[in-house]
Amino acid sequence: MLRRQSQRSGHRAAIYDLEPAPDGFYSAAADGYLVHWHREDADFGRVVATVEGGKFLSLTATPEGLVAGTLDGGVHWLYPDDPARNRHVAHHRRGTFSLLTVGNQVYSAGGDGVLTRWSIKHARTEETLPLCPNSLRRLAYDPVRDRLAAGGSDGKVYLLDEPRLSLLASAPAHPPSVFALAFSADGNTLYTGGRDAALSRWDVSQDQLREQQRVTAHLMTINALALHPGGKYLATASRDKTVKLWQADTLELLKVIEVVRDKGHVNSVNTLAWLDDHTLITAGDDRRVLEWKVKV
């Protein structure tokens, strides 16, 4: 069901985020390098931005360029085709852990527990919301009902109205920290994972958080999850070095990618993304990006 196709290497430290692009994808790593990889050439990687002495933790693409977050709380506005426009803003305390593009705005989640809305046009803050007493670790967006979800290091999931940036509901989810979030395509379901190694499915159709199902999915922390473009499958990445594929509506385990049998990652898998219906990319502490072909 999953077969490894290629490997991309070159980073000198752990990779923490991946962002699809029309001709490939970007990787953001703790070596302070942001790399653009070509889809058709696994050996071609171009450094498009660096942060000296810093570590990239998060990344999102905008209509105008890229926005990257760093361990020191920086928010870096990057324009690979016009680097003179680059702008670096010191904003969050204790890290910028997640970035998310929604229309003409970007949202950032930081180690200070603050959720910030930014204008893409002006590369500046529009509104901030202190949301969590600890770090905010992950953001997700539901375009059906214009809602945001945020995962915190207080173990809670937060559901928000995106236009008003107001809290709709919150619930304990994965103690001590929620690291992974994704909405279903119809906006009725939210998938979550975290430090407790559990994977949960929530009914959010009525602007409430009602847990429908929970499974012990991994041996260690779930660092990331991604819903298949067709909505039928869910992929999870874990500190236990595995990637798993699940039936989204039942959380039935379909496939485990392991180190020896499948030539998978040898350290924690920190991030993953779907490039299309048949291509999954994964990356982590072993400093490699692996590409997988999925037969679904």
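Just the heavy atoms: all of them, side chains too, but no hydrogens, waters or symmetry mates, feed the values below. Just so it is clear, the structure is predicted and the values come from calculations on it, not from any experiment.
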Legend entry - Arg3 CZ: over 12 foreign heavy atoms closer than 6.0 Å: no
Legend entry - Thr62 side chain reached by Val106 side chain, heavy atoms, under 4.5 Å: yes
Inset, instruction - Quick one: do Thr125 and His91 satisfy side-chain hydrogen bond (donor to acceptor under 3.5 Å, both in side chains)? Show the steps, please. - result: CA-CA 9 Å; Thr125 62; His91 183 66; 5.7 Å; no
Legend entry - Asp249 atom CG, neighbour heavy-atom count above 12 within 6.0 Å: yes
Legend entry - Heavy-atom closest contact (Ala182 atom, Leu225 atom, distance): CB-CD1, 3.1 Å
Inset, instruction - Verify the cluster assignment for Val294 and Val256: are they in a single hydrophobic cluster under the rule of side-chain heavy atoms below 4.5 Å apart? - result: no
Inset, instruction - Might you work through the side-chain contact (heavy atoms from CB on, under 4.5 Å) test for Val157 and Leu190, ending with a clear yes or no? - result: CA-CA 10 Å; Val157 173; Leu190 178 69; 3.7 Å; yes
Legend entry - Leu253 side, atom CG; Leu234 side, atom CG - distance, nearest 0.5 Å: 11.0 Å
Legend entry - Sub-4.5 Å side-chain heavy-atom contact between Thr242 and Thr236: no
Legend entry - Straight-line distance of Leu57 CG to Ile15 CD1, nearest 0.5 Å: 13.0 Å
Inset, instruction - Please check if any side-chain donor atom of Thr192 sits under 3.5 Å from a side-chain acceptor atom of Trp202, or the reverse. - result: yes
Inset, instruction - Keeping the roles fixed (side chain from His228, backbone from Gly230), state whether a donor-acceptor pair exists under 3.5 Å. - result: yes
Inset, instruction - Test Arg124 against Ser119 for side-chain hydrogen bond (donor to acceptor under 3.5 Å, both in side chains), laying out the working first. - result: CA-CA 6 Å; Arg124 67 185 181 202; Ser119 163; 5.8 Å; no
Legend entry - Check: Phe183 and Thr189 side chains under 4.5 Å, non-hydrogen atoms: no
Legend entry - Closest heavy-atom pair and its distance - Asp203, Ser205: OD1-OG, 2.7 Å
Legend entry - Check: Arg137 main-chain N/O paired with Ser135 side-chain donor or acceptor under 3.5 Å: no
Legend entry - pair Leu148-Leu139: side-chain heavy atoms closer than 4.5 Å: no
Inset, instruction - Using the salt bridge (charged side-chain N to carboxylate O under 4.0 Å, His left out) rule, take Asp286 and Lys241 through it: C-alpha gap first, then chi angles, then the decisive distance, then the call. - result: CA-CA 10 Å; Asp286 61 6; Lys241 308 176 187 178; over 6 Å; no
Legend entry - Leu2 CG to Tyr233 OH distance, which is reported to the nearest 0.5 Å: 10.5 Å
Legend entry - Side-chain (Arg94) to main-chain (Asp72) donor-acceptor, under 3.5 angstrom: no
Inset, instruction - Compute whether any side-chain donor of one residue and acceptor of the other, for Asp17 and Tyr26, lie under 3.5 angstrom apart. - result: no
Legend entry - Within one Ile-Leu-Val-Met-Phe-Trp-Tyr cluster: Leu219 and Ile222, side-chain cutoff 4.5 Å: no
Legend entry - Backbone of His218 reached by a side-chain donor or acceptor of Ser238 within 3.5 Å: no
Legend entry - Backbone of Val269 reached by a side-chain donor or acceptor of Asn223 within 3.5 Å: yes
Legend entry - Gln105 vs Glu162 side-chain heavy atoms within contact, under 4.5 Å: yes
Legend entry - Residue Arg288 excluded, over 12 heavy atoms near CZ under 6.0 Å: yes
Inset, instruction - Would you confirm whether Lys121, through its side chain, and Asn104, through its main-chain N or O, come within 3.5 Å as a donor-acceptor pair? - result: no
Legend entry - Side-chain (Arg195) to main-chain (Gly155) donor-acceptor, under 3.5 angstrom: no
Legend entry - Val75 vs Trp77 side-chain heavy atoms within contact, under 4.5 Å: yes
Inset, instruction - For residues His265 and Val259, determine if any side-chain heavy atom of one lies less than 4.5 Å from a side-chain heavy atom of the other. - result: no
Legend entry - N/O donor-acceptor pair under 3.5 Å between Thr60 side chain and Thr101 backbone: yes
Legend entry - Euclidean distance, Phe179 CZ relative to Thr271 OG1, rounded to 0.5 Å: 13.5 Å
Inset, instruction - Identify whether NZ of Lys or CZ of Arg in Arg117 sits under 6.0 Å from the centre of the six-membered ring of Tyr107 and within 45° of that ring's axis. - result: no
Legend entry - Linked, directly or transitively: Leu167 and Val102 (ILVMFWY side chains, under 4.5 Å): yes
Legend entry - Lys NZ or Arg CZ of Arg201 over Tyr191 ring: under 6.0 Å, within 45°: no
Inset, instruction - Dump the intermediate steps for side-chain hydrogen bond (donor to acceptor under 3.5 Å, both in side chains) on Trp118 and Ser108, then the final yes or no. - result: CA-CA 8 Å; Trp118 302 73; Ser108 64; 2.8 Å; yes
Inset, instruction - Would you please test Leu59 and Val67 for side-chain contact (heavy atoms from CB on, under 4.5 Å) and show each step? - result: CA-CA 6 Å; Leu59 180 65; Val67 185; over 6 Å; no
Legend entry - Between OG1 on residue Thr50 and NE2 on residue His76, distance to nearest 0.5 Å: 10.0 Å
Legend entry - Any donor-acceptor N or O pair under 3.5 Å, side chains Asn270, Asp285: yes
Inset, instruction - Check the pair Leu136 / Asp112 against side-chain contact (heavy atoms from CB on, under 4.5 Å), numbers first and verdict last. - result: CA-CA 7 Å; Leu136 282 178; Asp112 47 12; over 6 Å; no
Legend entry - Donor-acceptor contact below 3.5 Å, side chain Gln213 vs main chain Thr250: yes
Inset, instruction - May I ask you to check whether Thr279 and Trp274 show a side-chain donor-acceptor distance below 3.5 Å? - result: no
Legend entry - Side-chain H-bond candidate by donor/acceptor type, Ser200 with Glu211, under 3.5 Å: yes
Inset, instruction - Flag the pair Asp146 and Arg164 as a salt bridge only when some basic side-chain nitrogen lies within less than 4.0 angstrom of an acidic carboxylate oxygen. - result: no
Legend entry - Flag if over 12 foreign heavy atoms under 6.0 Å of NZ, Lys232: no
Inset, instruction - Salt-bridge test for Glu64 and Arg85: reply yes if a basic N is under 4.0 Å from a carboxylate O, no otherwise. - result: yes
Inset, instruction - Determine, step by step, whether Ser58 and Thr96 satisfy the side-chain hydrogen bond (donor to acceptor under 3.5 Å, both in side chains) criterion, reporting the C-alpha distance in whole Å, the side-chain angles of both residues, the deciding distance to 0.1 Å, and the verdict. - result: CA-CA 7 Å; Ser58 54; Thr96 301; 5.8 Å; no
Inset, instruction - To the nearest 0.5 Å, tell me how far Arg87 CZ sits from His122 NE2. - result: 11.0 Å
Legend entry - Cluster overlap Val48 with Leu18, hydrophobic side-chain contacts below 4.5 Å: no
Inset, instruction - Would you check if the side chain of Arg145 reaches a backbone N or O of Gly187 as a donor-acceptor pair within less than 3.5 Å? - result: yes
Legend entry - Heavy-atom closest pair, residues Ser170 and Tyr158: CB-CD2, 3.7 Å
Inset, instruction - Indicate yes or no: at least one non-hydrogen side-chain atom of Arg214 is less than 4.5 angstrom from one of Leu199. - result: no
Inset, instruction - Could you give me the CA-CA distance, side-chain angles and deciding distance for His38 and Arg8, then say whether side-chain contact (heavy atoms from CB on, under 4.5 Å) is met? - result: CA-CA 10 Å; His38 248 282; Arg8 291 166 171 86; over 6 Å; no
Inset, instruction - Would you tell me whether Tyr33 and Arg12 have side-chain atoms, one donor and one acceptor, within less than 3.5 Å of each other? - result: yes
Legend entry - Hphob cluster co-occupancy, Val204 + Leu181, side-chain heavy atoms under 4.5 angstrom: yes
